[in-house]
Amino acid sequence: MKSSSRDQLVRLFEKCNSSKILAQLQCLTLKLGLTHDSFFATKLSALHSKYTSLVQAHKVFDETPTKTVHLWNALLRSYCKENQWKQTLYLFHDMVSYGITKGKPDNYTIPIVLKACAGLQALEFGKMVHGFVEKMEKTDVDMFVGASLIELYSKCGKMDEAFQVFLGFSQPDVVMWTSMITGYEQNGNPEKAVDFFSQMVMIEHLNPDPVTLVSLASACTQLSDSKLGSSIHGFMIRRNLDYDLSLANSLLNLYGKTGSVNAAAKLFEGMPTKDVISWSSLIACYSQNGLTAEALNLFNEMIDRKIKFNSVTAVGVLQACAVACNLEEGKRIHELVTRKGLELDISVSTALIDMYMKCFSPEEALYVFEKMPKKDVVSCAALLSGYSTNGMSFKSMGTFNTMRLNNIKPDAVAMVKILVSCSDLGILQQALCLHDYVIKTGFTNNIFVGASLIELYSKCGNIVNAMKVFEELKVKDIVTWSAIIAGYGIQGQGREALKLFNKMIETSEVMPNEVTFLSLLSACSHAGLIEEGINIFNMMLHKYRIKPMMEHYSIIVDLLGRTGELDRALNFVEKMPIPAGPHVWGALLGAACIHHKSELGEIAAKNLFKLDPNNAGYHILLSKIYAVEKNWDNVGKLRDMVKEKRLKKMFGESVIEAGNEVHSFVANDRLHSECDQIYRLLRNLNVNMRDESYSSNSKSCLQGTVEIV
DNA sequence: GTAAGTGTTC
């Protein structure tokens, strides 16, 4: 009788799927006097953690006198599932010290405990558990334990140790292989991850499952290998795995990151089920590939279809607003996000700051920043770099100081942003301090930081230090090479820049890219090296097969133009394979202005007024050409046009360091306390320059402007 | 009972 009611109860427990049924089952167990039966206690504890609470689960555990391994395991698993890793470890400690009634920690216990260790990155505790495993009979250790050990070591960044565990098994299963692949992928070694995958499939003839393919797809994302990615997609379809949501989502991400927008959209269309991750991934894919309208449309579709979005979705769509410079939509999403209470999420706030900064609304960005309950490196970096894009780099330095006061340590990206902001200011004193800081914080060998430091010193006029930084870099990549080449260019030392370029070609295996050529061409332009510049341009085209961008064309026009080769410049523009953009015509207009060629100026201006009608600078340049010719009628017409269109010219601001002070000036500035003396000195300089027959053109004074247009 | 998927500053 008793045994049959016990069997019935077992069956009822199997069917339990709600807290209500659980409560009834608990009553029934009590009535039948089976609460102390460790089997039911274990079941009750597990069900409580699933349907009610951990507290209830723990209560059942406490009230059970016979604590079997199963009961312990159930409670450990409950804590671990709730990510209460510390509690899990305390509990395990109790279990081995004094708590256990029957048996000892087993193959079920170890993976739970190891998971908690991995979550806490508690390597020492994990090693102790490993020691525990090593004392077990080898035949008793199963592959669940093996996979968990691999996960522990891989989460602690110890792939060598993970590999040793892996080698300890003669026939590792798919999960163990996958754990290794995931480990390498997550520790920044995607090549090795792909290697292990090939071995597993080609040599061991094991069948990858969806999880294996997810990890492989992540590795492909890191490698930007969309080819291998598509073959995963093919494999997935052949094996009918396309129902696997995680796998489809990770492919969606892969396509997005490798710029295969159409493939991503097609995959998304065909997915039988989609979750918030699928939607967010495609929105981010659109944003990151510049299809901002598509990103916004998809987000709006989500709202229309009442699909709930989360903070990740918000970040993706805010990026679209930032890229599109769409302040209106940005504000609307800010409101939506606030209504959902997501605006305090640190990454949403950061995306908002970035969006407002890129939409030229630094006040709004600061408002979001100040409301953040907790600031981190990334949000500070977003604010700091936003100030520099809004021409307020002096505020960036203030933000950097706030960071230091709040003990927020910059990472490599933040460091780059700080250095770039300082470059805008061109303050050598500050540059030296920052360099010192870079050394102290150990960023000296980061190539991105190195390149920014080189640029900083160049812009502060200290090429010696720029070169020192360059020479001390252990690894020199194309970015650092281009930075030092550009540095010499800024100094007007075009020949040195060319020498460095040749040295790079001869002594290293680094291949020049479009940025390198931009730096080189601009160096030639600043130094007036016409033929060298043309040669470099041809070399880029024919030897390196790099397709010139608009910037390359405009530099060549600038180079020809400022050296007086105006016919060649116009001829060059007319032969361009793509229609010339505003910068190209602008360079031509600038050249026409320096050399007083009103006819050429008119050609350029005609195109510019079409391409960039609201730019006051071009109107002013043309009017200056007319002024030199004393063609006051046309000057007047242009001035009227500017007034009529209400165009405003942006002020160019100069900053100079004298002693320990930084002074800033704009054109015709009379605000400085020593203004009279400054203008007196300028006049003297002008006289001296004329005496030295320097070909300054005080009538147009446009040399600086040509670079800006 | 073990392995996996989207996001913030370059």
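What you see below is based on every heavy atom in this structure, not just the backbone, and it leaves out hydrogens, waters and symmetry mates.
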Per atom distances to the A/Val315 side chain, the nearest of B/dT9, B/dT6, B/dG7 is B/dG7
Rounded to whole Å, CD1 of A/Ile112 lies from P of B/dA3 at a distance of 11 Å
Tell me what A/Leu213 touches on the nucleic acid: a base, only sugar-phosphate, or nothing, going by heavy atoms under 4.0 Å. nothing
Between CG of A/Asn207 and P of B/dA3 the distance, given in whole Å, is 21 Å
Closest of B/dA4, B/dT8, B/dC10 to the A/Lys358 side chain is B/dC10
Notebook entry, point to check: So, is A/Lys155 close to the B/dA4 phosphate, meaning a side-chain N or O under 4.0 Å from OP1 or OP2?
Noted result: yes
Practice prompt. Remember a base hit wins even if backbone is also touched, and classify A/Ala351 as base, sugar-phosphate or nothing at under 4.0 Å, heavy atoms.
Written response: nothing
Between CE of A/Met302 and C1' of B/dT6 the distance, given in whole Å, is 11 Å
To the nearest angstrom, the CZ-P distance between A/Arg77 and B/dT2 comes to 7 Å
Here the distance between atom P of B/dT6 and atom CD1 of A/Ile283, to the nearest Å, is 15 Å
Checking all strands, does A/Ser280 fall into the base, sugar-phosphate, or nothing category for heavy-atom contacts under 4.0 angstrom?
base
Separation of B/dT2 atom P from A/Asp209 atom CG, nearest Å, is 14 Å
In numerical order, the residues of residues 146-154 of chain A whose heavy atoms come under 4.0 Å of DNA chain B are A/Ala147, A/Glu151
Considering only heavy side-chain atoms of A/Lys257, the closest of B/dC10, B/dT6, B/dA3 is B/dT6
So, with a heavy-atom separation below 4.0 Å from DNA chain B, the residues of residues 175-195 of chain A are A/Val175, A/Thr178, A/Ser179, A/Thr182, A/Gln186
Check: Checking all strands, does A/Phe448 fall into the base, sugar-phosphate, or nothing category for heavy-atom contacts under 4.0 angstrom?
Finding: nothing
Of the listed B/dT2, B/dC10, B/dT8, the closest approach to the A/Lys115 side chain comes from B/dT2
Exercise for the section: Could you tell me whether the phosphate oxygens of B/dT8, OP1 or OP2, come under 4.0 Å of any side-chain nitrogen or oxygen in A/Gln319? Expected result: yes
Side-chain atoms of A/Val413 come closest, of B/dT9, B/dA4, B/dG7, to B/dT9
Separation of B/dC10 atom P from A/Gln288 atom CD, nearest Å, is 12 Å
| said: Parallel, tilted or perpendicular, judged at 30° and 60°: which one describes the rings of A/Tyr255 and A/His233? | reply: tilted
Between CG of A/Asp354 and P of B/dT9 the distance, given in whole Å, is 5 Å
Q: May I ask you to say what A/Asp173 touches in the nucleic acid, namely base, sugar-phosphate or nothing, with a heavy-atom cut-off under 4.0 Å?
A: nothing
